[in-house]
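Note sheet for the following structure.
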Protein chains: 2
Amino acid sequence: MSTAERKAREKEALKMLILKGAKKLFLERGIEQTTIRNIADEIDYSVGTVYVYFKDKNAILHDLHSIGFQELGGYFIELFAIKDPMERLKKMGFTYLKFAMENSEMYDLMFIVKAPMEFIESSDNQAWNEGADTFNALKKTVEECMNQGHFEGHSLEALSFMIWSLVHGMCCLEIRQRTKGVKFSNPDTILSEGYNEYLKIIKKL
Amino acid sequence: MSTAERKAREKEALKMLILKGAKKLFLERGIEQTTIRNIADEIDYSVGTVYVYFKDKNAILHDLHSIGFQELGGYFIELFAIKDPMERLKKMGFTYLKFAMENSEMYDLMFIVKAPMEFIESSDNQAWNEGADTFNALKKTVEECMNQGHFEGHSLEALSFMIWSLVHGMCCLEIRQRTKGVKFSNPDTILSEGYNEYLKIIKKL
DNA sequence: ATTAAAAAATGAACACTGTTCAAAAAATAT
DNA sequence: ATATTTTTTGAACAGTGTTCATTTTTTAAT
């Protein structure tokens with residue numbers, strides 16, 4: 001049946017169209033300021049149609065959150081070409097930070113907003129695979145560093161978690177505006193200064 | 001005028017009652033799930049009254065956010081009795097983490113939720129003084145450590161920012177559920193394991 | 001080409017949200 | 001006891017996510 005196949009394609013296409021419209025509005029006006037009606041208007045469909053393709057708003061947020069991980073994957077690709085794990089770890093921090101700053105709304109959705117996680121909890125598929133994959137990429141690099149004699153006396157998993165926390169913490173403070181309030185001597189450079197410290201820190205470990 | 005004074009006291013008391021009711025509901029059902037009508041019901045007043053005492057919901061969130069900083073201050077008091085700055089820095093990390101875990105909803109409001117910051121931006125009082133004070137307490141301790149010869153080659157402000165980021169990052173990942181998805185070999189102990197790594201890290205710097 | 005059946009799209013309606021503001025109630029001053 | 005000021009109220013408004021009977025469109029069969 002060719003028609004059934006075509007219908008399946010069209011269904012998928014409309015689902016993507018909704019996600020595309022949603023993402024556009026998210027980047028324009030933020031996640032919280034975007035309503036289902038806005039999204040429906042954007043793509044010239046009715047509210048009801050959106051609900052045919054997505055169970056609820058959290059489902060849209062979750063799918064967009066997954067798209068964000070694909071995009072982060074794109075940023076990470078070149079990292080895997082770097083053979084020296086220590087060098088890769090340094091660049092990984094930079095890349096992660098770069099992604100977060102260039103795609104702050106998506107980063108927010110991926111790592112800060114509650115909604116996508118609530119969707120994961122409510123769905124059968126319990127695990128947060130995208131996040132686990134990202135963390136494992138970091139963990140693997142840290143492991144290679146340890147195999148080369150770095151990070152003596154540290155626990156692989158806990159240290160990886162700390163490195164993630166360190167970089168995520170910077171992103172989080174920046175994106176959720178907690179760096180603006182604290183008067184740094186130079187607010188514009190605090191992130192790159194922070195990255196310099198990150199380099200110094202892992203060099204000393 | 002004695003009546004005027006009493007009225008001022010009563011006004012203040014009602015304001016506090018509203019905040020108390022709001023906080024109770026926040027801890028019970030979360031910030032997002034608490035409505036102005038809920039708060040009004042809780043303290044047996046009407047919605048309108050709440051709006052006499054607070055400009056909008058963000059104003060309530062901001063005041064509660066300030067109360068949170070007072071509470072964090074309570075946790076921090078004992079730290080200032082510790083003379084050795086390195087010891088103080090270690091305990092500070094523990095205390096911060098402890099506060100975040102024991103008061104996660106308040107921590108969320110203080111360091112993650114956007115609303116209180118939006119209120120600060122919109123008000124005349126531009127600065128986030130509570131946050132600045134907290135950061136300065138950390139910075140001062142790091143400075144004392146440097147004066148004792150620790151952290152050679154590091155920038156005071158940037159390193160302080162990194163330490164804050166590290167601990168905040170842990171809190172943030174935990175509170176916003178990003179540690180549940182990543183399958184740690186022992187999810188229950190990852191925070192204390194992380195804290196152990198924190199100790200090892202600053203010892204090596 | 002016409003008609004019957006299935007699929008897709010619709011938007012009014014529901015229960016909720018934050019917010020406002022004229023009116024009512026209570027407290028104070030005369 | 002009356003007039004004035006202050007405080008409290010809750011109906012009303014515009015907006016939200018969500019549902020679902022109805023309409024429109026598409027497909028299949030004659």
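Order of the sequence lines sets the chain letters (A, B, ...), proteins ahead of strands, with each chain counted from 1.
We find that CZ of B:F54 is positioned 16 Å from C1' of C:dG18, with the value rounded to whole Å. Rounded to whole Å, the distance from CD on B:E5 to C1' on D:dT6 is 18 Å. D:dT26 atom P lies 16 Å from atom CZ of A:R9, rounded to whole Å. What separates NZ of A:K15 from C1' of C:dA9 is a distance of 17 Å, to the nearest Å. Atom CD1 of B:I39 and atom C1' of D:dT9 are 17 Å apart (whole Å). As a whole-Å value, the separation of B:D41 CG from D:dG10 P is 11 Å. Distance CD1 (B:I31) to C1' (C:dG18): 17 Å, rounded to an integer number of Å. When rounded to the nearest whole Å, the span between CG of B:L17 and P of D:dT7 equals 16 Å.
Among the nucleotides C:dG11, D:dT9, C:dA9, the one closest to any side-chain atom of A:Y45 is C:dA9. Counting only heavy atoms from C-beta on, B:K57 has its side chain closest to C:dT19 among D:dG17, D:dT6, C:dT19. Checking C:dT20, D:dT18, D:dT8 against the side-chain heavy atoms of B:L14 singles out D:dT8 as nearest. Closest to the side chain of B:T35, from the set C:dT10, C:dT17, C:dT20, is C:dT17. The side chain of A:K11 lies closest to C:dA8 when the candidates are D:dG17, C:dA9, C:dA8. Side-chain proximity of B:S46 to D:dT8, D:dT18, C:dT10: nearest is D:dT8. The side chain of A:Y51 sits closest to D:dT19 out of C:dT10, D:dT19, C:dT19.
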Notebook entry, point to check: Does the salt bridge (charged side-chain N to carboxylate O under 4.0 Å, His left out) test come out yes or no for A:E143 and A:K139, once each step is laid out?
Noted result: CA-CA 6 Å; A:E143 190 172 24; A:K139 206 165 106 178; over 6 Å; no
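Between A:T49 and B:K7, the residue anchored nearer the 5' end of DNA chain C, judged by the nucleotide with its closest heavy atom, is A:T49.
Using modelled atom types, one side-chain atom of A:H150 and one backbone atom of A:C145 make a donor-acceptor pair closer than 3.5 Å. Not a single donor-acceptor pair under 3.5 Å links the side chain of B:R37 to the backbone N or O of B:S46.
Taking a 6.0 Å sphere around CD of B:E10, one finds it holds more than 12 heavy atoms contributed by other residues, nucleotides or ligands. Annotation for A:K200: atom NZ counts as buried by contact number, over 12 foreign heavy atoms lying within 6.0 Å.
Taking only distance into account, the side chain of A:R37 never meets the base of D:dG15 through a donor-acceptor pair shorter than 3.5 Å.
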